[in-house]
Protein chains: 2
Amino acid sequence: MAKTAALPAPDAADRAGRRTGLEREDIVAAALVLVERAGPAALTMRRLATELGVGTPTIYWHIANRDELVSEVVRLQSTRLAETKVTGKTARERVYRAARHIWTSSIEHRSITSLAHQAGMSSLLTHHLEAALVMELEAAGLVGSDAAEASRAILTTIVGALVIALRDVSASPPDYRPDALWAATNAAITPATRNALRTASDLDALSAVTLHAIVDHFVPA
Amino acid sequence: MAKTAALPAPDAADRAGRRTGLEREDIVAAALVLVERAGPAALTMRRLATELGVGTPTIYWHIANRDELVSEVVRLQSTRLAETKVTGKTARERVYRAARHIWTSSIEHRSITSLAHQAGMSSLLTHHLEAALVMELEAAGLVGSDAAEASRAILTTIVGALVIALRDVSASPPDYRPDALWAATNAAITPATRNALRTASDLDALSAVTLHAIVDHFVPA
DNA sequence: ACCTGAACACCGTTCAAGT
DNA sequence: ACCTGAACACCGTTCAAGT
């Protein structure tokens, strides 16, 4: 209904050329809320502008383009995630906990995670948590390229599990969904294994196991 | 220049209502070529139709919508990747080689991999290779949920490295690129480690190391 | 059965014109 | 300096009309 271009909304006409008090931060904050509420696809310039009660081009006065907006949203979320203490007795355990925290908080805010991931900005999203991870790695005795390599291997493992966990199975036609594929495959696979592959996996548990294996491999006991 | 809508292309007018001999497979094959040549973003219905020399709605007679097109492209690529033998002496080594093959072929066809990944269809892309991996896992003595879990852990690890390897750093503003972030961070991190984090990593080598660690963890010697 | 032009409802982005 | 409506060049998708 708000589509009747015939009569221009009177308040909008009044506002023409006059300050709205809108700041860059407000736009980014509103975008973050919009994504969390309605998913990454809902973040369009027009919808965001409507949400803010301004004209679409107004956003472009404060922010260069959509890519910049997305990176600001991701960065904002990144700083919000940063405020957590790492606990644990052994150095290994603390590294594991720091890594695990990246996983849980990414899952908790899955819409933002998907957004970051679609835009190729997963590393921006996790940067602060990664810094915490690196500090624990150094505390565990790893420095320089050893610490960098370990941190990257751990990050990689988490991101992979996230991609699988957050993918949208409903996008594929039914025949091409994992369970259908394993049911139809003619590879020489035991029925028991085939059945196990068909059932959805507990990625939270799987990620925990994989993470333990990687941490144990890179961090001395 | 081919944009002059004033005079309709005479051959297009002649073709109106008459068979073009276009098949579903041709469309999918052309889409695959288009993506490999011009990247995932180039796959629009209009551009594909132009490439095929038909009107855009023609595609919709053969294929329901863009999602279905993408899944067919991914599936076609998946079958093409399937024709490789796994070598290696020990069972562990054969598992590793099968896993490694998923990585190398995904990197080789990075445009299709990115497309699959954006559409949340990475598991469709790797399905045949995954089946080969599962067979090696069974040969190594794993069955049922053990085999499924190991295969998923391995897949997850590969996908994670792929996401990092194929992400487009140029999409982020310079300040938010990994090296800039590590240069600017005020976390208590040794200069040596900080420098190591700033330099781009050899993800091919990193993926190999991580993969070895995971395979060794899940597959008995 | 198969293909077309035209149209609909969306995008991101730009720009002259307002205050 | 900040905000607007209108417009441009794109999308995916639908549909009546052609053969």
Side-chain angles (χ1 to χ4, degrees), chain A residues 1-27 30-31 34 38-73 115 118-119 171, chain B residues 1-27 30-31 34 38-73 115 118-119 171:
Chain A
M1 38 185 103
K3 278 290 163 44
T4 47
L7 69 165
D11 49 332
D14 287 357
R15 237 174 25 239
R18 309 191 51 80
R19 292 227 43 171
T20 57
L22 190 68
E23 309 270 352
R24 193 178 219 264
E25 300 172 16
D26 302 330
I27 297 176
L34 178 56
L43 183 56
T44 71
M45 304 304 263
R46 285 166 214 267
R47 178 154 176 185
L48 178 58
T50 305
E51 210 90 16
L52 288 163
V54 300
T56 311
T58 301
I59 296 178
Y60 287 89
W61 203 92
H62 298 275
I63 283 173
N65 50 41
R66 192 178 182 276
D67 273 357
E68 187 176 303
L69 174 63
V70 171
S71 68
E72 289 299 338
V73 168
L115 179 73
Q118 278 171 25
Chain B
M1 35 187 104
K3 279 289 165 45
T4 47
L7 69 164
D11 49 333
D14 286 358
R15 237 176 24 239
R18 309 190 54 78
R19 292 227 41 169
T20 56
L22 189 69
E23 309 269 352
R24 193 178 218 265
E25 299 171 16
D26 302 329
I27 298 176
L34 179 56
L43 183 57
T44 71
M45 305 304 263
R46 285 165 214 267
R47 177 154 177 184
L48 178 59
T50 305
E51 210 90 15
L52 287 163
V54 300
T56 311
T58 301
I59 296 179
Y60 285 90
W61 203 92
H62 298 275
I63 283 172
N65 50 42
R66 192 177 182 274
D67 273 357
E68 187 176 303
L69 174 64
V70 170
S71 68
E72 290 299 338
V73 168
L115 179 74
Q118 278 171 25

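Note that this is a predicted model, so its numbers are computed, not measured.
B/I27 contributes atom CD1, which lies 4.5 Å from atom CG of B/L22 (distance to the nearest 0.5 angstrom).
Nucleotide D/dT4 holds its P atom 11 Å from the CG atom of A/L52, rounded to whole Å. Rounded to an integer number of Å, the gap from CG of A/D26 to C1' of D/dC2 is 14 Å. To the nearest angstrom, P of D/dA1 lies 15 Å from CD of A/E23. A/L69 has its CG atom 14 Å from the P atom of C/dC11, to the nearest Å. Protein atom CZ of B/R24 is 16 Å distant from nucleotide atom C1' of C/dA1, rounded to whole Å. Per the geometry, CD1 belonging to A/I63 stands 15 Å off C1' belonging to D/dC3, to the nearest Å.
Here the closest heavy-atom approach between residue B/A119 and residue A/A171 is recorded as O-CB, 4.3 Å. Across B/A30 and B/L52, no two heavy atoms sit closer than the pair CB-CD2, 3.6 Å. Residue B/L69 comes nearest to B/A31 through the heavy atom pair CD1-CB, 4.0 Å, listed as atom of the first residue, atom of the second, then distance.
Residue contacts for B/T44: at a heavy-atom cut-off of 4.0 Å it reaches the sugar-phosphate backbone alone, with no base atom in range.
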I'd like a table of atom pairs between the protein and nucleotides 13-15 of chain D - only N or O on both sides, under 3.5 Å - with the distance next to each one.
residue: D/dT13; atom: OP2; partner: B/Y60; partner atom: OH; Å: 2.9
residue: D/dT13; atom: OP2; partner: B/R66; partner atom: N; Å: 2.9

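Residues satisfying the side-chain hydrogen bond (donor to acceptor under 3.5 Å, both in side chains) test with B/E68, not counting sequence neighbours, are B/R24.
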Report, one line per pair, each donor and acceptor closer than 3.5 Å where one atom sits in a side chain of residues 56-64 of chain A; sequence neighbours left out.
residue: A/T58; atom: OG1; partner: A/G55; partner atom: O; Å: 3.2

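Checking A/R47 against B/L22, the closest nucleotide of DNA chain C that is more toward the 5' end is the one next to B/L22.
Every pair tested for salt bridge (charged side-chain N to carboxylate O under 4.0 Å, His left out) that includes a residue from residues 39-49 of chain B fails, sequence neighbours excluded, so the list is empty. The salt bridge (charged side-chain N to carboxylate O under 4.0 Å, His left out) analysis of residues 53-67 of chain B, with sequence neighbours excluded, yields no pairs. Residues in residues 51-62 of chain B take part in these salt bridge (charged side-chain N to carboxylate O under 4.0 Å, His left out) pairs, two or more places apart or across chains: B/R37-B/E51.
The B/T58 side chain lies nearest to C/dT4 when the options are D/dT4, D/dC2, C/dT4.
Regarding contacts with the backbone of C/dA1, every side-chain N or O of B/H62 stays at 4.0 angstrom or more from both OP1 and OP2.
Secondary-structure stems of DNA chain C, taken as three or more successive Watson-Crick or G-U wobble pairs (i with j, i+1 with j-1) under a 3.5 Å distance threshold, comprise C:4-8 with D:12-16, C:12-16 with D:4-8.
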